[in-house]
Amino acid sequence: MMLALGSDHVGLALKEEIKQHLDEKGIPYKDYGCISTERTNYPIYGQKVAKAVVSGECEKGLLFCGTGVGISIAANKMKGVRAVVCSDCYTAVLSRQHNNTNILALGSRVVGVDLAKMIIDGWLNAEFEGGRHETRVDMIRKVEEGNDLSE
Ligand code: RB5
């Protein structure tokens with residue numbers, strides 16, 4: 001499983017810690033930037049990782065900014081992306097099991113390194129349950145395509 005990683009300058013340090021964690025676990029990844037602490041703009045990296053996931057270049061993505069909010073919103077603007085911002089393990093796991101999330105965003109100003117690792121491990125190990133949840137994810141796709149669900 002290839003992961004796409006991206007961060008702005010605020011999320012960079014956490015992303016570097018997580019790269020080390022992934023290395024230790026033997027999980028491959030591609031880093032789509034940023035690569036320095038020079039101030040930049042999170043939508044750039046949200047879009048890069050979203051593109052990598054939607055194109056199939058990478059299976060899932062991890063995003064990091066100050067809160068995880070801006071970068072996840074940017075990623076979610078791309079068709080096919082289901083990005084979740086999490087600061088707890090329960091939400092991360094359920095977001096895989098029920099919502100089939102394909103990108104996880106974390107806030108470097110919100111979670112510590114150890115909690116971030118636990119959230120990521122839980123998210124990566126959880127499987128989509130399908131069934132009634134598939135129906136709902138399909139409905140999200142319909143919303144994405146401009147359909148009115150009330151019709
Ligand atoms: C950058 O200052 C900050 O706004 C960004 O990292 C992120 O928290 C946005 O949602």
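One-based numbering, in listed order, for ligands and for the atoms of each. Basis for what follows: all heavy atoms, side chains included, without hydrogens, waters or symmetry-related copies.
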Does H9 reach ligand 1 with a nitrogen or oxygen that is under 3.5 Å from one of the ligand's nitrogen or oxygen atoms?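 No - when backbone and side-chain N and O of H9 are compared with those of ligand 1, no distance drops under 3.5 Å.
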Contact (N/O only, under 3.5 Å) between G68 and ligand 1: no
With a cut-off of 4.0 Å, which atoms of ligand 1 are near a heavy atom of [X]?
| X | result |
| --- | --- |
| C65 | 6 (O), 7 (C), 8 (O), 9 (C), 10 (O) |
| G70 | 9 (C), 10 (O) |
| Y42 | 5 (C), 9 (C) |

Point-to-point distance, once rounded to the nearest 0.5 Å, from CD1 of I27 to NZ of K60: 10.0 Å
D148 (side chain) donor-acceptor with S150 (main chain) under 3.5 angstrom: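 Confirmed, D148 side chain pairs with S150 backbone.
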With a 3.5 Å distance limit and no angle check, can you tell me whether R82 reaches the backbone of N100 through a side-chain donor-acceptor pair?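 Between the backbone of N100 and the side chain of R82 there is a qualifying donor-acceptor contact (under 3.5 Å).
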For E145, does the CD atom have more than 12 heavy-atom neighbours from other residues, nucleotides or ligands under 6.0 Å away?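 Above 12, so yes.
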Quick check: are there more than 12 heavy atoms from other residues, nucleotides or ligands sitting under 6.0 Å from CD1 of I140? yes
Could you tell me whether E129 and R96 make a salt bridge, using a distance below 4.0 angstrom between a side-chain N and a carboxylate O? no
Is the closest basic N to carboxylate O distance between K19 and E16 below 4.0 Å? yes
Residue part near ligand 1, for V10, under 4.0 Å between non-hydrogen atoms: side chain
Taking atom 5 (C) of ligand 1 as the reference point, the nearest protein heavy atom with its distance: D8 OD2, 3.2 Å
Which protein non-hydrogen atom lies closest to atom 8 (O) of ligand 1, naming both residue and atom, and how far is it? T67 N, 3.0 Å
Any R109 heavy atom less than 4.0 Å from ligand 1: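 R109 counts as a contact of ligand 1 under the 4.0 Å cut-off.
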